[in-house]
Amino acid sequence: MLRDVLATCKAVYAEHLAEYIVQQLPFDELPQDERRVFAPFTGHAPFLIAALGRLRTVLPSTMDADQRHDYFVRMLRGMELDAFAREVARYSLILADYPNPDGWDIRQADVFSSPYTDTYLQQAKIVLCNPPFSDVPTRGTQTRLRAGAAKRAVKAWCTHE
């Protein structure tokens, strides 16, 4: 029972929390082509949707709808292990950018073992995700290597300025 209540609370407040967090980030201080966002545990995409809304506010008004959509697709990426959550994320982004078509890069993969994790982390200037709400299973050496790669990507980003 308590587990169901907590799951409902997380889902209800995820959008509000994501929106608040994203609004605090200095998107406008980054060059336009460097506002790449990666959501490693995308879920139903509350962080990506909040980032899309924030990006929309800092884009030049001279961009038409197709240019904006192409820009959003280039700037926003996600990774989600659960196939259903991935589909919900895609549809959520489609609705958030309606009437534009799909094209969203939400990869169905395990962040800890995917060969794309390193690339996505290195390309992103902003990484947004919830902390794990349950124990993260260890899967041996590969999991530890990916976790180390994430730490290296954050360290590299912090020291490149």
ILVMFWY cluster, Ile49 and Ile94 together (side-chain gap under 4.5 Å): yes
From OH (Tyr116) to OG1 (Thr119), nearest 0.5 Å: 9.0 Å
Residue pair Arg74 / Asp33, side-chain heavy-atom distance below 4.5 Å: yes
Nearest heavy-atom neighbours spanning Pro40 and Val127: CD-CG1, 3.8 Å
Arg56/Asp97 salt bridge by N-O under 4.0 Å criterion: yes
Backbone N/O of Asp64 and side chain of Gln67: donor-acceptor pair under 3.5 Å: yes
Closest heavy-atom pair and its distance - Ala124, Phe38: CB-CB, 3.7 Å
Nearest heavy atoms of Leu48 and Arg77, plus distance in Å: CD2-O, 3.6 Å
Results of salt bridge (charged side-chain N to carboxylate O under 4.0 Å, His left out) for Arg36 - residues two or more places apart only: none
Lys125 to Leu30 - nearest heavy-atom pair and separation: CB-CD1, 4.1 Å
Residue pair Trp104 / Leu76: nearest heavy atoms and the distance that separates them: CZ3-CD1, 4.0 Å
Side-chain hydrophobic cluster, 4.5 Å single linkage: members besides Tyr98: none
Ala50 backbone acceptor or donor facing Glu19 side chain under 3.5 Å: no
Gap between atom CD of Glu29 and atom CZ of Arg35 - 0.5 Å precision: 10.0 Å
Check: Tyr20 main-chain N/O paired with Gln24 side-chain donor or acceptor under 3.5 Å: yes
Co-membership, hydrophobic cluster, residues Val73 and Val88, 4.5 Å side-chain: no
Straight-line distance of Met75 CE to Glu34 CD, nearest 0.5 Å: 9.0 Å
Test side chain to side chain contact (heavy atoms under 4.5 Å, CB included) applied to Leu81 and Phe41, step by step: CA-CA 8 Å; Leu81 181 60; Phe41 305 95; over 6 Å; no
Atom pair CG (Asp105) and CG (Leu93), whose distance is rounded to the nearest 0.5 Å: 11.0 Å
Side chain proximity check, Ile126 to Phe27, heavy atoms < 4.5 angstrom: yes
Flag, side chain of Arg90 to backbone of Ile106, donor-acceptor distance under 3.5 Å: no
Spacing of Met63 atom CE and Asp70 atom CG [to the nearest 0.5 Å]: 8.0 Å
Polar side chain donor-acceptor pair, Tyr120 to Arg107, under 3.5 angstrom: yes
Electrostatic pair Asp28-Arg54, nearest N-O below 4.0 angstrom: yes
Value rounded to 0.5 Å, distance of CD in Glu80 from CD in Glu87: 11.5 Å
Sub-4.5 Å side-chain heavy-atom contact between Val37 and Phe47: no
Closest heavy-atom pair and its distance - Leu52, Ala96: CD2-O, 4.0 Å
